[in-house]
Amino acid sequence: METKDINVCVLRIEGTNNEQEIYDSFKRLGANPSFVHLNEFKSLENFQCLMIPGGFSSGDYIRAGAIFASRIRSRFWDDIKDFVRDGYAIGGICNGFQVLVELGLLPGFSRSIGKVNACLAENDSARFECRHTVLKHVGPNKCVFTRALPENEVLVIPSAHAEGKLLLADDKLYERMEKNGQIVFRYCDRSGRTDCGYPWNPNGSPQNIAGICNEKGNVFGMMPHPERAFYKENANGHSGKVIFESVINYIGERF
Amino acid sequence: MPDIFEIDLNVSEERLKGISEETGTGLSLDELKVIRDYFVKEGRNPKDIELQALGQAWSEHCCYKSSKYYLKRYLFNFDAPQNLFVIKEDAGLVEFDKDHAYAVALESHNHPSAIEPYGGAATGIGGILRDVVCMGAQPIALVDPIFFAPPTTSSELIPKGVKHPKYIFSGVVDGIRDYGNRVGIPTVSGMTAFHKGYLGNCLVNVGCVGIVKKKDIVYSRVGNVGDIYVLAGGGTGRDGIHGVTFASKELDDDSQVSSRSAVQVGDPIMKEPLIHACLEANEKKLLTGLKDLGGGGLSCVVGEMALAGGYGAKVTLENVHLKEKDLLPWEIWVSESQERMMMSVREKDLNKVLKIFRKWDVPAVVIGKVIQEKRLLIEWHGETIFDMDLEFLTEGPMYKRPFKKVSTRNENVEFGEPEDYNGTLLSLLKDYNCACDDWVVRQYDFEVRARTFSPPLVGMENCETHADASIIKPLEDSERGLALTSDVNPHFMVLDPFWGAASAVDEAVRNLVAVGARPHSFADCLNFGNPEKPEKMWEFVQAVQGLAHVISKIGATFVSGNVSLYNEGPAGACPPTPTIMGIGLIDDVNKSVTTPFKGNGNLIYIIGNTKDELGGSAYLRYRGIAGGIVPRVNPYELSNASFSLIELMGKGMVISCHDISEGGICCTLAEMCIGNEIGAAITLKGKLRPDKELFSESNTRWICEIDPNDRAEFEDGLRAHQVAFTILGATGGDRLRMAKDGKMLVDIEVKSMKEAWQRPLWDIMG
Amino acid sequence: METKDVIVNVGLKKGISDPEGNNIKKALRLLGFDEVEEVHVNKYFKITIKASDEDKAKERVREMAEKLLTNPVIHDYEIRW
Amino acid sequence: METKDVIVNVGLKKGISDPEGNNIKKALRLLGFDEVEEVHVNKYFKITIKASDEDKAKERVREMAEKLLTNPVIHDYEIRW
Ligand SMILES: Nc1ncnc2c1ncn2[C@@H]1O[C@H](COP(=O)(O)OP(=O)(O)O)[C@@H](O)[C@H]1O
Ligand SMILES: [Mg+2]
């Protein structure tokens, strides 16, 4: 389909607050985003992409993303499952990533969609931190949100969160994810070396994981904010823009 | 006890004083007599709710009774062509471009923060956002200048009833963080200063800037007779009762307990959709007026909006939605519960407005309507419990309070030259006032909204140094930006309130110019002690004159501000602190300049003159020497140099720039080296003794990095405006070296400076 | 109908690190409380519910805990009635 | 020396408004838990201390609560030994 016909649902509730940036990112690339408040949400029928923005949905009281996730689950869970099954794209950035994890859509093994087997836990520093992070694209281009970014490219993307440490229910899951190519971004230093510790890894995430996708590659979440680095070009010519270009390009080809 | 009762004012003076105390209204004897006379003319006694409303309206906080005479006389009679609507409303409006204006507001939340740092600071953010939203503007940036006693203050020095500065400091930062981040408005600028005078009187000032299409500007006044008052947002509760009267007196050791009701609690998750809903209703042209509920709650907002429109109001008080049952009518009327906005709406648009608020899950109720006569009437279950002349109610008294000069040690002092310059530099870099603020800054989301073109920390990732001002690019399709800074040096202020205040403006201008922005508007938050004490009043009047001295010559004026008096506690008064927020305009953000050195072999210039002005400097404080001359300001020089530098920056001729402030040339160079780990070698050429030249904090100075190929053009540009400059040396290597008269004074690795500068707050605050 | 206060006390599973607890430990030590060995922070939800049938109500509170108040990967919880 | 676990349970004073509790209540109700009347969240600190003299230790924990963990203006707290 043509880019201008790609409808992106940018879902919001009280406390989401990066929706404008995500909206702008799609708009700048010629797609057709719209804001949908959860209270007015009817169905995903006319959308090809669902974006869950960052922020503090419902204040992040209880746990980051938890309230937003359970409200989505209780309202239109079946709709979402179909959306994923049909190959449409779902992206969650920062708080949106937390929501997708709380929904059990990430790590998202195809046989157990909806099972919560990960958590974005409190940063090791126990506080909110705003800092520019460097990410290495380690995915084998399975993820529909990074297919335009070559493997091993390094990008500077800002982070700003208090709960970004990805914990998994058990170690076997990590191996499975790695085998499936579900690890998309890792924190690294300017030379691309991962495993440099804090502050390069701002939250203490084991294995330096910054972003992952589901087994199919069409659900993606990352803690750093590519929409804030849309125009911030790195030496390799890439910027946060590549995330949005990738998914637009995928939808255009596939549907 | 009945809901409402009458208060007999025809009693002895003794009794009148008692009434003021028992009702907690804070009205003085003279004020009560004026009120008595009014009610004698009305032929009755006031009801409790009427007296309470007067207490709110006539408080220092609401009517500026001690300050307005001097503000009008010295500060408000300047104008600038870019000013659209200034001083009169909750936020000042200044032209951004042909179609847009920006709104500026700055306020204090000192007393609440001293009592309950987390809630106090958080609600400060909430309040300042409302001030901007009520102009119809979308908030785009928050600014938070904060002032504490040193975190190392020993527990024995802390008076009863006062919390340790570390507790206050971390609570305040937590509060700003949790509120600002949750509502999704970036906190991009601020300052963090420490002085022992803030023990028991922390200062928490908060500023906000918003952007609005000119056609969407809305004012805090009702439109027409018959318009409906709609109250939107959180329920009204007992929190924040008597906040303004509490802010208008000194704190004492049981303020902790007695002022509990003044404590407010913020709810950012009510605020965030409230902002959306108000702006949406306004953009659809459904509102005739919009105002926030701040100090004084309903009692201030209803009357002020009506009077500003030239009308009166009639309120049905039981319609106000409550957080808790059993509030008395007067409590509902004066409660300062957070997250509430008042709108006036034409009757035919009412349902459309209510529908928007329903969509956003924000309660909104009709509480009254606009009437022709300039009176305020309140009904409570059918009974009229309030009926007063609006002009009498809102006017408030004005005082020309006496003042008396305080003797300070503002004169030259003698001291010897240090042996160890490396050690001195490292100690200054570790001084909490000079050290890196990133422990604070990183807790705030300074990039949410993705409009922060230049953040408060600049340089390579995880190596960042201080920026002079942050730059916001508010519009999607325009490269124009706003630069933001906030400044004041309390150490100067204590020694010399006139030149200290003048220096604050100079510093704000310098910081804006350093990023390439031209000073465009200012806001001031004047934090002082008890105005009934002539010495404190003197500090205030001096400072106001010092501000005027500079502001009159730089083509931009104060467009809004706030006065906070009675900042006194068991340990004394706070240092006089006129916080200045500076807003600069930059036509093309891509031409902005940052502080870190960018390359090797570039020339390093100092712009401006270094004088023997070390009073209040970080260096003399480190040496333990009191007194000294506080830096002066020549507004003409400031304006020339600024103009010239901005012009050169516009031509792309300045690679990096940092203004010289705390720690003098020495610390400024260190910060420029740290950001990209690039060293420098310089030779001092001035006539002063080396330590004075390195550490003087003279105003109107910058360090610039220039490509050697641009040398001639750069220098010609400065000469054309008679701006003083000297080449100090060149960038390069991984050390900072400074020499004078053939003697190496400082020779130190950039990495060691970084370590010394970066750690202090993390080490003490955890 | 009667109302009843129920406590849901949510803590981190053994082995999951507790940054907030560590931070508080550090802050307490900096204030001179050297005797502090360990700090853990739980969330303690006090929920007032209308309840007529106790068994059913208990089941509902358990549901709240599992649907919203906890994440099974990191949390243990305990309901106090 | 012996170690001992002490609980400091910190809640908001009556009458202080509680956005966190209110927002959670709202979320629970939206999820269909209509029986929820009221939610408050306390902070529950489990502090492990080295203690030989119980009385002195108690006094120290009270000090911790007052210096760092609570603000008497808005909080009530309870120490469980
Ligand atoms: N409390 C604070 N909140 C937000 N930003 C802050 C705060 N304190 C300092 N900053 C930021 O840190 C940087 C350095 O501050 P400061 O040293 O005061 O700069 P300057 O002396 O150039 O005004 C600035 O970008 C400033 O905005
Ligand atoms: Mg500066």
Side-chain angles (χ1 to χ4, degrees), chain C residues 1-12 14 18 20-70 75-78 80, chain D residues 1-14 18 20-54 56-70 75-78 80:
Chain C
M1 205 184 293
E2 248 186 293
T3 65
K4 176 128 192 52
D5 285 353
V6 191
I7 306 296
V8 183
N9 191 346
V10 180
L12 289 169
K14 240 195 155 67
D18 179 0
E20 187 180 4
N22 289 338
N23 234 15
I24 292 169
K25 177 172 96 183
K26 206 164 122 195
L28 284 169
R29 292 241 179 129
L30 277 169
L31 284 176
F33 295 105
D34 301 319
E35 67 265 49
V36 175
E37 295 273 285
E38 199 69 63
V39 179
H40 286 287
V41 188
N42 285 11
K43 282 230 164 155
Y44 183 99
F45 299 93
K46 207 161 70 193
I47 307 179
T48 311
I49 52 170
K50 285 197 293 258
S52 47
D53 174 343
E54 181 162 327
D55 280 350
K56 229 165 89 193
K58 274 189 184 161
E59 191 41 43
R60 295 278 285 177
V61 175
R62 188 169 317 281
E63 232 185 286
M64 291 179 206
E66 302 208 332
K67 272 200 171 161
L68 186 63
L69 305 178
T70 66
H75 290 135
D76 276 333
Y77 69 95
E78 177 202 9
R80 211 158 336 124
Chain D
M1 205 183 289
E2 249 186 292
T3 66
K4 178 126 190 55
D5 284 354
V6 192
I7 305 294
V8 183
N9 190 344
V10 182
L12 286 172
K13 285 216 156 98
K14 240 194 150 72
D18 178 6
E20 181 178 10
N22 288 338
N23 277 296
I24 295 172
K25 176 173 95 183
K26 185 172 149 195
L28 284 168
R29 290 238 180 132
L30 282 168
L31 288 176
F33 295 105
D34 301 320
E35 68 265 49
V36 175
E37 293 274 284
E38 198 70 64
V39 179
H40 289 287
V41 186
N42 286 13
K43 276 260 161 108
Y44 181 98
F45 301 93
K46 207 163 74 195
I47 307 179
T48 312
I49 51 171
K50 284 196 295 258
S52 46
D53 175 343
E54 180 162 329
K56 230 164 90 193
K58 274 189 182 160
E59 192 39 45
R60 293 280 284 179
V61 174
R62 187 169 317 282
E63 237 184 276
M64 292 179 206
E66 300 201 338
K67 279 207 170 144
L68 188 74
L69 306 177
T70 72
H75 291 131
D76 275 332
Y77 70 95
E78 175 202 12
R80 209 154 344 119

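Below, chain A is the first sequence line, B the second, and so on; all start at residue 1.
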Between D:Val8, D:Ile24, D:Leu28, which residue shows the highest count of heavy-atom pairs closer than 4.5 Å to chain C? D:Leu28
Would you mind checking which part of C:Asp34 comes under 4.5 Å of any heavy atom in chain D, side chain (CB onward), backbone (N, CA, C, O), both or neither? backbone
Below 4.5 Å, heavy-atom pairs only: which of C:Ile49, C:Leu69, C:Thr48 has the largest tally toward chain D? C:Thr48
Output side-chain donor-acceptor pairs under 3.5 Å for residues 60-68 of chain D, partner residues at least two apart or in another chain, one line each.
residue, atom, partner, partner atom, Å
D:Arg60, NE, C:Glu35, OE2, 2.7
D:Arg60, NH2, C:Gly32, O, 3.1
D:Arg60, NH2, C:Glu35, OE1, 2.9
D:Glu66, OE2, D:Tyr77, OH, 2.8

So with a 6.0 Å cut-off around NZ of D:Lys46, is the heavy-atom count from everything else above 12? no
Between C:Val6, C:Val41, C:Ile7, which has the largest tally of heavy atom pairs under 4.5 Å with chain D? C:Val41
Per-residue contact mode, C:Ile47 against chain D (heavy atom under 4.5 angstrom): both
Could you tell me which of C:Lys43, C:Glu38, C:Glu20 has the largest number of non-hydrogen atom pairs under 4.5 Å with chain D? C:Glu38
Got a sec: does the NZ of C:Lys4 have more than 12 other heavy atoms crowding it under 6.0 Å? yes
